[in-house]
Amino acid sequence: ASVRALIALGSAGYDPDAWGSPSLLHFLTVVSPIETAQYAASSASGAGKLTVGAAWTGQTVTDFIGLNLPISITAYYSPTTGAYGSGSGDTAWAMLGLYAAGETIPTQTIDFLEGVQNADGGWAWNEWSTDSEVQHTAACVQALLAAGEPVTATEIISAQAFIASAKNGDGGYGYQVGNASDVDTTAFVLQSLLSAGQIPTGNWCTTIRCGYLLSEQAADGSFIYYGSPSLYATQEAIPSLMHRPYGPLALWTYNCYVNYLPLGVRNSSSTP
């Protein structure tokens with residue numbers, strides 16, 4: 001949760017060293033440095049997420065509590081398969097972490113991720129299931145774009161078609177096709193659209209694409225996950241509403257309102 005908070009704060013332009021007393025950064029690096037290091041060592045996806053958070057908040061990714069985070073990621077690399085960790089989930093987040101740190105993503109890793117794509121265009125987390133997951137597919141799209149794959153690549157086009165098939169009448173997306181909409185999956189999808197450069201029209205932010213997310217925000221600022229306020233959903237929603245994808249931001253501009261998110265007032269430019 002603290003690493004997700006680091007990512008969310010970074011997307012909104014906040015300094016984690018000035019967030020709370022003691023601060024979030026103080027907790028990660030001084031109060032609980034062993035646990036933070038253990039998190040990075042627990043999985044390729046954990047190392048990737050911590051790297052994204054560190055990079056987005058302006059930390060030195062090659063010396064974060066003594067860790068070289070890109071090396072923490074590459075410790076999971078298999079030169080035989082091109083995968084990082086246990087499968088596509090670990091690999092996608094490793095790729096996003098390397099991208100955030102400005103590191104090169106191996107071509108063999110791109111081949112691996114594209115090679116485990118399902119016939120319907122989606123991916124299942126670490127191939128633990130045969131059923132594609134909308135949220136994970138959106139992350140894989142961003143990872144491939146971060147690695148330099150063009151939006152015209154067959155894998156990207158088929159993934160986008162799969163994601164589009166999961167859109168519900170309320171404007172949101174569920175974890176799998178046919179599921180009720182949820183905030184975190186919808187946030188991932190919006191980030192993938194920001195990366196892929198789908199041309200926006202009209203009020204793209206508050207009605208066409210973000211209407212569902214905004215409808216799920218409670219009066220206290222939190223976002224709702226299946227009927228209850230959720231820290232996790234709130235942390236996932238913030239980067240999306242700040243128009244900060246985990247992958248690259250496509251080269252187009254759009255107009256947005258900043259009154260839908262308190263954090264948005266702090267950093268209201270159209271580009272992160």
Side-chain angles (χ1 to χ4, degrees), residues 2-11 16 28-29 36-117 123 125-127 135-151 153 155-156 159 188 191-192 194-197 236 239-240 242 244-251 272:
S2 296
V3 173
R4 290 196 302 271
L6 191 68
I7 293 172
L9 292 179
S11 75
L28 289 169
T29 61
T36 302
Q38 288 173 338
Y39 178 79
S42 65
S43 65
S45 59
K49 290 176 183 179
L50 182 59
T51 304
V52 171
W56 281 16
T57 54
Q59 309 306 308
T60 303
V61 296
T62 55
D63 186 15
F64 188 78
I65 57 166
L67 296 175
N68 186 316
L69 293 177
I71 289 179
S72 296
I73 294 173
T74 57
Y76 290 97
Y77 179 68
S78 168
T80 303
T81 66
Y84 287 83
S86 300
S88 63
D90 280 329
T91 298
W93 273 105
M95 294 166 72
L96 293 171
L98 292 172
Y99 171 75
E103 299 289 335
T104 301
I105 298 169
T107 300
Q108 193 173 4
T109 300
I110 300 173
D111 294 340
F112 166 78
L113 191 58
E114 293 179 342
V116 295
Q117 186 177 23
W123 281 266
W125 178 272
N126 281 350
E127 295 68 64
Q135 183 179 132
H136 179 40
T137 299
C140 288
V141 166
Q142 294 179 76
L144 290 173
L145 292 170
E149 286 290 85
V151 294
E155 293 81 6
I156 300 294
F188 269 82
Q191 287 175 298
S192 73
L194 288 165
S195 276
E236 295 293 349
S240 175
M242 292 307 303
R244 184 74 183 265
Y246 296 119
L249 179 67
L251 297 177

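No experiment lies behind these values; they were computed from the predicted model shown.
Residues T137 and A159 share a closest heavy-atom pair of CG2-CB, 3.9 Å. Taking each heavy atom of A54 and L69 in turn, the nearest pair found is CB-CD1, 3.8 Å. The two residues L6 and P16 have their closest heavy-atom pair at CD1-CB, 3.7 Å. When every heavy atom of G82 is checked against every heavy atom of Y77, the shortest pair comes out as O-CE1, 3.5 Å. Of all non-hydrogen atoms in Q191 and R244, the two that sit nearest each other are NE2-O, 3.0 Å. The heavy-atom pair separating S195 from A250 by the smallest distance is O-CB, 3.6 Å.
Interatomic distance, E114 CD to E155 CD, rounded to the nearest 0.5 Å: 3.5 Å. The distance from the CD atom of Q108 to the OG1 atom of T80 is 7.5 Å, given to the nearest 0.5 Å. One distance of note links CG of D111 with OG1 of T81; it measures 11.0 Å at 0.5 Å rounding. Put simply, CD1 on I65 and CG on L67 are 4.5 Å apart, with the number rounded to the nearest 0.5 Å. In this structure, CG on L28 lies 9.0 Å from OG1 on T57, to the nearest 0.5 angstrom. Considering CG of L145 and CG of L96, their distance stands at 10.0 Å, rounded to 0.5 Å.
Two residues are said to be in side-chain contact when any heavy atoms from C-beta on lie closer than 4.5 Å; P106 and F112 fail this criterion. Contact annotation: the side chain of L113 approaches that of C140 to within less than 4.5 Å [non-hydrogen atoms, C-beta and beyond]. A heavy-atom distance below 4.5 Å is not found between the side chains of Y39 and S2. Residues T91 and T109 are in side-chain contact: their nearest non-hydrogen atoms beyond the backbone lie under 4.5 Å apart.
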Start with the C-alpha gap between N68 and T62, add the side-chain angles, then the distance that decides, and say whether side chain to side chain donor-acceptor pair (under 3.5 Å) holds. CA-CA 4 Å; N68 186 316; T62 55; 5.2 Å; no

Assess whether side-chain contact (heavy atoms from CB on, under 4.5 Å) is satisfied between Y76 and D90, documenting all intermediate values. CA-CA 9 Å; Y76 290 97; D90 280 329; over 6 Å; no

Would you sort out whether R4 and K49 count as a side-chain contact (heavy atoms from CB on, under 4.5 Å), showing the intermediate values? CA-CA 8 Å; R4 290 196 302 271; K49 290 176 183 179; 5.8 Å; no

Would T104 and L98 count as a side-chain contact (heavy atoms from CB on, under 4.5 Å) here? Give the steps. CA-CA 7 Å; T104 301; L98 292 172; over 6 Å; no

For the pair S72 and F64, evaluate side-chain contact (heavy atoms from CB on, under 4.5 Å) and give the outcome as yes or no after the intermediate values. CA-CA 11 Å; S72 296; F64 188 78; over 6 Å; no

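Taking the six-membered ring for Trp, Y246 and F188 have ring centres closer than 6.0 Å.
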